[in-house]
Amino acid sequence: MTWSGAENGALRVRLAEAPPAIRRLMLVDDIMARLRDALALEDDAAIGPDDRFKDLGIDSRRALEMKEDLEEALGHPLQTTLMFDYPTPDRLAGFIIDAVGLAEAAPDAAPDTASDADAAGDDPGAALRRMLEKYDL
């Protein structure tokens with residue numbers, strides 16, 4: 001069974017191109033859309049990021065199908081017990097982001113905006129803009 005957007009790493013490419021701060025949210029949304037497809041629910045059916053797959057009716061067969069589809073969409077192998085080890089869309093997304101190497105890297109040291117502004121003779125707004133550009137925010 002194949003859900004929308006599952007073409008040989010396409011999801012991973014979209015996630016990699018997104019700002020790191022929103023990757024997990026994008027993946028949670030994608031997982032919830034896949035759940036709605038797997039369960040033949042309407043697009044606006046309420047599935048929350050903390051809803052347990054088991055409570056939604058995901059059985060072993062569907063869990064394996066979704067795992068295989070996610071592998072294809074991410075272009076990355078995943079463990080067979082994926083949806084049992086990470087039983088909610090949010091927990092699953094957190095694991096996947098780490099597993100495929102897309103976790104947001106913590107900056108070595110956050111620069112002090114005031115000292116940046118003083119050192120460069122800029123106003124604090126210019127220092128903030130440089131910082132946001134540096135981290136692609």
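Side chains are part of it too, since the values below use all heavy atoms of this structure and drop only hydrogens, waters and symmetry mates.
To the nearest 0.5 Å, the span separating CG on Leu39 from CD1 on Ile47 amounts to 6.0 Å. Rounded to the nearest 0.5 Å, atoms OG1 (Thr88) and CE (Met32) are 10.5 Å apart. To the nearest 0.5 Å, atom CG of residue Leu11 and atom CG of residue Leu74 are 5.0 Å apart. Rounding to the nearest 0.5 Å places CG of Leu35 at 5.0 Å from CD1 of Ile58. Residue Ile22 holds its CD1 atom at 14.5 Å from CZ of Arg24, rounded to the nearest 0.5 Å. To the nearest 0.5 angstrom, Ile96 atom CD1 is 5.5 Å from Leu78 atom CG.
Residues passing the side-chain hydrogen bond (donor to acceptor under 3.5 Å, both in side chains) test with Thr81, sequence neighbours excluded: Asp85.
Proximity of Met26 to Arg23: side-chain heavy atoms (C-beta onward) are nowhere separated by under 4.5 Å. The closest side-chain heavy-atom distance from Val28 to Leu92 is not below 4.5 Å.
Note on Asp59 versus Lys54: no salt bridge recorded, every NZ/NE/NH1/NH2 to OD/OE distance being 4.0 Å or above.
Looking at Arg34, its side chain never comes within 3.5 Å of a backbone N or O of Met66 through a donor-acceptor pair.
Considering every non-hydrogen atom in both Pro49 and Pro89, the closest pair reads O-CD, 3.3 Å.
For residues 63-86, every residue pair satisfying the ring-ring contact (aromatic ring centres under 6.0 Å, His included) rule, not counting sequence neighbours, is listed here: Tyr86-Phe95.
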